[in-house]
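In what follows, a single structure is set out as structure tokens and then discussed.
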Amino acid sequence: MNSFLFSQPSHKRISPIARRLAWLLGIFVFSFGAVALRNHLAPDIFTDEIVYTRAALRVAGEGALVWDSGVPFLVHPPLYFLLAGLYNGLTNASHITTYSPGDIFASVYHTRLLNAVFAGLSALLLFAFSRRLAASQGVSSSRQLLWIGLSSVLLFAIDPFGVRINRRAMLETLAALLTLLGMLLYWISITRRSRSAEGSQLSPWALLSGLALGASLLAKELSFIHLFALLLFAAWEFIQALPGLFKATSGWRRWLLPLRSAAVLNGVIAVGLAGLTYLIYPLWAYSTGRWDIYIEEKGLGFLRMLGRVQLTGWNREGISFFSLFLQRLVDYGTTYLLLALGGAAALWLAILGLRHGQARRAQRFLAAWGLVIYPFFAFLMLFGSGNDQFFYYLLGPAVLLAVAAAFNARHLAQSALQQAQPSPSRLSEQQALERLLAGKRKPPATAQALRSSVLRLDWRAWLGRGEAALLRLARFAPLLLLLMLPFNLFKWVDKYLLSQDNGYAQLAEFVRANLPPDAAINATGDPIKFAYFFPERPVYALAQPTHAQAAGVQYFALAPKDVALRYGRITPELATWIIANGEQLFAYQSDSYGELYLLRVAPQTASAANIDPPPPFERRFQVAQAGYVDSLIAMLLLWVTAWLVMAGFVVYTRRKRDEVLDTVSSNSSL
């Protein structure tokens with residue numbers, strides 16, 4: 001018989017690099033798939049997705065960042081639209097149309113895949129970030145580091161709210177990705193230093209961090225708050241370095257010691273470079289002659305952030321923030337729990353981080369991050385023009401904070417038990433706990449004494465039992481944190497694997513198949529999206545029944561959720577009139593928008609005499625008047641190239657110094 005059948009298989013060990021690449025690829029595919037799978041069926045299309053996708057398509061087809069009217073698009077920074085335009089151009093999407101809406105559904109669904117890539121990269125960054133933070137706190141077990149990294153990935157990749165945002169062509173996914181990248185690079189800059197630097201020289205990683213944080217500002221300006229978190233941490237590290245000032249030798253040089261701290265120097269450099277990177281955007285607006293539009297848009301954005309102007313969000317007149325919050329607990333309960341745990345973790349890690357030492361630096365870093373962003377976004381949601389997607393900026397930091405706090409609690413509990421347990425004798429867990437607590441509050445040593453003290457209402461015994469229970473519970477903190485994963489997985493399967501949430505796509509198909517080609521439709525909510533849904537027919541945004549009668553509109557799209565949340569111009573009076581007088585032609589239960597109807601109301605012209613109704617929604621697809629991005633792309637490429645060369649030069653000089661140190665060390669040993 002063939003000897004091959006009896007030959008022993010040769011088992012070659014997988015190299016560490018191949019194993020690591022396999023893990024990274026698996027994490028990316030898992031996170032990408034959770035966002036990309038069936039993304040054309042859920043969630044339903046959102047107005048901002050249409051606007052952003054059209055801006056990106058104009059970049060791809062015309063090389064200009066403009067509205068479809070040809071006016072420069074300066075509401076948001078340009079980076080997302082440049083990348084989305086490049087993506088659409090490289091993929092040669094057949095739906096790209098420059099001066100017509102084309103198939104807006106296909107365009108948005110195609111662009112959503114780019115956001116799925118961003119989500120996959122964010123998961124990789126969280127995996128690497130959480131591992132590095134844990135390693136900085138003394139975790140050396142590769143198995144435990146892997147468990148920490150995977151916990152972060154799982155909490156992020158299938159979080160109900162995170163998945164919903166990532167499955168849309170929105171700016172937040174890219175902005176949060178670049179923020180995570182910038183913060184991770186900064187953390188590397190203060191924990192990975194050469195021998196010659198001794199923590200006192202500029203790290204090339206700080207330059208890359210500044211570029212990444214600047215890119216996050218160019219994706220969405222709201223990312224600026226993370227720069228303040230870096231500055232707070234740098235100030236904290238400056239204070240931590242002050243005791244060394246008095247131990248140094250006399251002279252003016254000792255006063256520079258705190259400033260030469262790696263955390264302080266690299267933090268200031270990263271923040272400064274991020275700000276300079278963002279300046280490319282207003283300089284481009286000024287050079288293209290649209291400085292007035294830039295100032296107007298950014299001024300309005302600032303007023304909205306302060307809550308002086310309420311155009312969207314949970315704080316508009318007639319909207320109850322807390323009622324909306326309670327309504328969404330069913331869908332996003334675990335997200336809110338994770339965000340709450342992240343905020344509590346920031347406070348707890350701040351207390352731990354007050355101690356000196358390198359092992360506490362990671363706790364101070366995370367605490368500073370959380371103590372800045374949580375109050376800021378809480379203000380936006382409670383008083384400013386807060387929108388749902390703003391919660392997404394907290395998701396990544398909340399994952400890092402919650403995971404770090406959970407594993408810190410586990411580590412502290414295990415350390416406490418080990419210290420209480422003498423060697424070589426092996427005490428039981430209960431005995432170890434009793435011995436540990438005996439040095440603090442001296443609880444009764446025996447169960448009988450404990451029972452008698454309880455009968456005497458001895459408060460020390462109650463405290464002792466409570467601390468023992470907390471120590472036992474703290475060892476399982478990571479598992480308690482992951483208990484929310486089954487709910488998250490159930491919600492993902494239910495919403496994105498088994499269900500459909502594409503009511504507007506089905507409405508558009510029904511209208512094309514069943515309504516006369518010239519029949520007008522009155523939009524519920526934002527009329528912009530209806531103008532793209534039905535490009536060949538008149539679209540109105542009428543608010544009163546008399547206006548609808550005077551305009552002769554018979555077909556009404558109606559979403560009660562839009563009416564309740566005051567989206568668009570439609571009033572409750574018009575909605576009531578439509579339901580009372582209309583014949584239902586189409587109905588769909590949408591997860592994103594609730595009930596969605598199309599109704600026909602027979603003409604009633606008598607009560608609309610002498611009424612001048614508003615005109616239909618105006619569509620304009622014009623050539624760009626300004627805003628061509630050639631100069632912007634050139635400025636960005638030159639800027640990034642210059643600082644990459646600078647980073648390479650820093651690496652080269654540091655390696656040269658290391659070589660000199662190695663030569664001196666080898667000569668001295670001889």
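Values in this document were obtained by computation on a predicted structure and should not be read as measured data.
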Can you name the side-chain hydrogen bond (donor to acceptor under 3.5 Å, both in side chains) partners of [X], sequence neighbours left out?
X: Glu296; value: none
X: Tyr496; value: none
X: Arg167; value: none
X: Ser107; value: His95

Once you round to the nearest 0.5 Å, how far does [atom1] of [X] lie from [atom2] of [Y]?
X: Leu638; Y: Ile280; atom1: CG; atom2: CD1; value: 9.0 Å
X: Leu126; Y: Leu133; atom1: CG; atom2: CG; value: 10.5 Å
X: Thr191; Y: Arg361; atom1: OG1; atom2: CZ; value: 8.5 Å
X: Phe156; Y: Ile27; atom1: CZ; atom2: CD1; value: 12.5 Å
X: Lys220; Y: Glu172; atom1: NZ; atom2: CD; value: 3.5 Å

Please list, chain by chain and in numerical order, all residues satisfying ring-ring contact (aromatic ring centres under 6.0 Å, His included) with [X], sequence neighbours excluded.
X: Tyr532; result: none
X: Phe118; result: none
X: Tyr286; result: Trp291
X: Tyr593; result: Tyr504

Can you confirm whether [X] sits close enough to [Y] that some side-chain heavy atom of one is under 4.5 Å from a side-chain heavy atom of the other?
X: Leu644; Y: Leu208; value: yes
X: Phe533; Y: Ile50; value: yes
X: Pro78; Y: Val629; value: no
X: Ser151; Y: Leu481; value: no
X: Tyr628; Y: Glu62; value: yes
X: Tyr52; Y: Asp48; value: yes
X: Phe407; Y: Gln144; value: yes
X: Leu482; Y: Trp147; value: yes

Please check: side-chain N/O of [X] versus main-chain N/O of [Y], any donor-acceptor pairing under 3.5 Å?
X: Ser130; Y: Phe127; result: yes
X: Asp159; Y: Gly162; result: yes
X: Lys298; Y: Val75; result: yes
X: Arg112; Y: Glu49; result: no
X: Ser209; Y: Gly182; result: yes
X: Ser152; Y: Ile148; result: yes
X: Arg58; Y: Ala64; result: no
X: Tyr374; Y: Gly343; result: yes
X: Asn88; Y: Ala60; result: no
X: Ser592; Y: Asp44; result: yes

Show me, pair by pair, the donor-acceptor contacts under 3.5 angstrom made by side chains of residues 389-405, not counting sequence neighbours?
residue, atom, partner, partner atom, Å
Tyr392, OH, Asn166, OD1, 2.7

key: Pairing residues for Thr288 by the side-chain contact (heavy atoms from CB on, under 4.5 Å) criterion, not counting sequence neighbours   =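 Listed in chain order: Trp284, Arg290.
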key: side-chain contact (heavy atoms from CB on, under 4.5 Å) partners of Ala128, counting only residues at least two apart   =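 Here the qualifying residues are Leu184.
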Residue pair [X] / [Y]: nearest heavy atoms and the distance that separates them:
X: Val330; Y: Lys491; result: O-NZ, 3.8 Å
X: Leu178; Y: Ala219; result: CD1-CB, 4.3 Å
X: Arg54; Y: Thr97; result: NH1-O, 2.8 Å
X: Tyr186; Y: Ala263; result: OH-O, 2.7 Å

ask   = Would Thr98 and Leu57 count as a side-chain contact (heavy atoms from CB on, under 4.5 Å) if you check the C-alpha gap in whole Å, the side-chain angles of each, and the deciding distance to 0.1 Å?
value = CA-CA 7 Å; Thr98 305; Leu57 294 182; over 6 Å; no
Which label fits [X] and [Y]: parallel for a plane angle under 30°, tilted from 30 to 60°, or perpendicular past 60°?
X: His40; Y: Tyr109; value: perpendicular
X: Trp187; Y: Phe233; value: tilted
X: Trp369; Y: Phe365; value: tilted
X: Phe32; Y: Phe28; value: parallel

ask   = Can Arg131 and Leu146 be said to form a side-chain contact (heavy atoms from CB on, under 4.5 Å), step by step?
value = CA-CA 7 Å; Arg131 285 165 53 91; Leu146 178 63; 4.2 Å; yes
Tell me, yes or no, whether the heavy-atom count around [X] atom [atom1], taken from other residues, nucleotides or ligands under 6.0 Å, exceeds 12.
X: Phe490; atom1: CZ; value: no
X: Leu90; atom1: CG; value: yes
X: Trp639; atom1: CH2; value: yes

query = Yes or no on side-chain hydrogen bond (donor to acceptor under 3.5 Å, both in side chains) for Glu221 and Tyr278, after CA distance, side-chain angles and deciding distance?
reply = CA-CA 9 Å; Glu221 282 113 343; Tyr278 174 79; 2.7 Å; yes
request  = Verify side-chain contact (heavy atoms from CB on, under 4.5 Å) between Leu636 and Leu218, making sure each step is shown before the conclusion.
outcome  = CA-CA 10 Å; Leu636 287 173; Leu218 290 175; 3.7 Å; yes
inquiry  = Checking Ser203 against Asn266 for the side-chain hydrogen bond (donor to acceptor under 3.5 Å, both in side chains) test, could you report, in this order, the C-alpha distance in whole Å, the side-chain angles of both residues, the deciding distance, and whether it holds?
reply    = CA-CA 7 Å; Ser203 169; Asn266 291 328; 4.9 Å; no
request  = Take Thr91 and His110 through the test side-chain hydrogen bond (donor to acceptor under 3.5 Å, both in side chains) and record every step on the way to the result.
outcome  = CA-CA 10 Å; Thr91 53; His110 183 71; 3.0 Å; yes
ask   = With sequence neighbours left out, what residues match Asp591 under salt bridge (charged side-chain N to carboxylate O under 4.0 Å, His left out)?
value = Arg164, Lys495
